[in-house]
Novice: 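Structure provided below as structure tokens; questions to follow.
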Amino acid sequence: MRKPQLGIHVDPGTPPGRKAMEITTSPLMTGEKSKLWDHIGGQSALASPMRREIGNRSMMRSFSADDTDLEDLKTSKDKDRPSGSLRLPNIQNHSLLSGLAYCIASCSMILVNKFVLSGYGFNAGIFLMLYQNIVSVIIVSALSLSGVIPTEPLTWKLIKVWLPVNIIFVGMLITSMFSLKYINVAMLTILKNVANVLTASGETYFFKKQHDRQVWISLTLMIISAIAGGITDLSFHAVGYTWQFINCFLTASYSLTLRHVMDRAKEATRSGNLNELSMVLLNNVLSVPLGVILVLGFNEVEYLLETPLLRMPMFWLVITASGVLGLGISFTSMWFLRQTSATTYSLVGSLNKIPLSIAGIILFKVRTSMQNSISILFGLLAGVFFARAKLRGNSQS
């Protein structure tokens, strides 16, 4: 999936190469990951994502931001863009479009994966991740070979740079699959907020990024809602919750390290540039051998040989569709992360968690109580409050 990124929220449902993607942070999930920024050239008073991206990338290298270098770095970044690449009218629209695409892809991915794992009762989550990655590799490779999209050659130098974050990415996707099998979609969206808290704390600790009081208040409310939701969850499953908390840690790690790896990977390419689709291809290609090893290690082969699901054409159609969605998350999570910060990437998905949670409860006929519903709503509103606090903080900066 996933392109988790790829990244990536990786919204937990954060899928191949996803997002990443994330990753998230999800959004999607997570996700899974804010919306208005000032125009380059001084048209608006809101904070520019270009400036934030440059500042974050500078901190990745030196753990301190030097504002006097921002314009020079922005000019250098513009030079790195391929001359034929698509440019939207302004950065504000670019960020909004990438965030919207990420939310739609991550939301759809979670629902489809839940349907495969719980609706069909499929008990090979690692194989599902592996198949989704293979679908993504086939599509991107076909488009690249036909000349429709440009991708960088995969060299050993580039692979060595990308492999560490890819290992985190694979772990994020697998733990997401394991938790989704046992936890309903609405509670999953609330528990993913823990990854947002870890991401924000990591930005402050490692990169010295400051968040205002309202941001920390909203993060505290997210923690309270996750605890209250777990206590009142009528379908509480200890195994599912354990996998989800591991997933939150991996999602935060993916979000915090992806941008730094993206910079180093660009330096390892022959052209000195690495576009989003090249990153998607790289993430998925490296995930395939790791997925094969894990399928064998977790002994899913025996189950795959016995299950009648693999003899159903409709089942193959559904998991193939999930692979296409995984590719969408791979691209959108990395694209979105390049336009924003790791925290925004993880938390913008809070705005699409409300319809996602409602759809999850209705489609999968989840038993819930008034107390649990209130806890879920509380967590969703905390996510919206966080988004507003981030927007206010960005405008002041």
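Not measured: the values here are computed from a predicted model.
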Novice: Do you know which two heavy atoms are closest between Ser141 and Leu281, and how far apart they sit?
Specialist: OG-CD1, 3.7 Å

Novice: Do the two ring centres, one from Trp316 and one from Tyr131, sit under 6.0 Å apart?
Specialist: yes

Novice: Where is the tightest heavy-atom contact between Gly323 and Val135, given as atom of each residue plus distance?
Specialist: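 So the two residues come closest at C-CG1, 3.9 Å.
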
Novice: Tell me, with the steps shown, if Thr189 and Ser357 meet side chain to side chain donor-acceptor pair (under 3.5 Å).
Specialist: CA-CA 7 Å; Thr189 61; Ser357 298; 3.1 Å; yes

Novice: Transitively linked via ILVMFWY side-chain contacts under 4.5 Å: Leu304 with Leu294?
Specialist: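 Yes, Leu304 connects to Leu294 through the hydrophobic network.
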
Novice: Assess, by modelled atom type and distance only, whether the side chains of Thr232 and Ser369 contain a donor and an acceptor separated by less than 3.5 Å.
Specialist: no

Novice: Locate the shortest heavy-atom distance separating Arg311 from Thr307; write the atom from each residue and the value.
Specialist: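 Nearest heavy atoms, Arg311 then Thr307: NH1-O, 3.8 Å.
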
Novice: Can you hop from Leu325 to Ile138 via hydrophobic side chains spaced under 4.5 Å?
Specialist: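 Yes.
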
Novice: Do the ring planes of Phe298 and Phe178 sit parallel (below 30°), tilted (30 to 60°) or perpendicular (above 60°)?
Specialist: tilted

Novice: Let's go through Ser278 and Glu152 carefully: what are the C-alpha distance in whole Å and the side-chain angles of both, what is the deciding distance for side chain to side chain donor-acceptor pair (under 3.5 Å) to 0.1 Å, and is it a yes or a no?
Specialist: CA-CA 6 Å; Ser278 295; Glu152 285 290 326; 5.6 Å; no

Novice: Do Ile376 and Leu381 share a hydrophobic cluster (ILVMFWY, side-chain heavy atoms under 4.5 Å, transitive)?
Specialist: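 No.
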
Novice: Can you give me the closest heavy-atom contact between Phe127 and Glu300, atom names plus distance?
Specialist: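 Between these two residues, the closest heavy atoms are N-OE1, 2.9 Å.
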
Novice: Is Met312 reachable from Ile319 through a run of I, L, V, M, F, W or Y residues, each pair having side-chain heavy atoms under 4.5 Å apart?
Specialist: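 Same hydrophobic cluster.
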
Novice: Heavy-atom count check: over 12 atoms from other residues, nucleotides or ligands less than 6.0 Å from Phe249 CZ?
Specialist: no

Novice: Would you give the length of the straight line joining atom CG of Leu250 to atom OG of Ser255, rounded to the nearest 0.5 angstrom?
Specialist: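 The CG atom of Leu250 sits 11.0 Å away from the OG atom of Ser255.
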
Novice: For the pair Phe122 and Phe315, name the ring-plane relationship: parallel under 30°, tilted 30 to 60°, perpendicular over 60°.
Specialist: tilted

Novice: Check Leu158 against Pro153 and note the closest heavy-atom contact, atom names and distance.
Specialist: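 So the minimum-distance heavy-atom pair works out to CD2-O, 4.0 Å.
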
Novice: Checking side-chain polar atoms at under 3.5 Å, does Lys114 have a donor or acceptor matched by the opposite partner on Asn184?
Specialist: no

Novice: Side-chain contact test, heavy atoms from C-beta onward, threshold under 4.5 Å: evaluate it for Glu267 versus Val161 and give yes or no.
Specialist: no

Novice: Grab the two heavy atoms, one from Ser287 and one from Asn166, that are nearest each other, plus how far apart they are.
Specialist: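 Looking at all heavy atoms of both residues, the closest pair is OG-ND2, 3.3 Å.
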
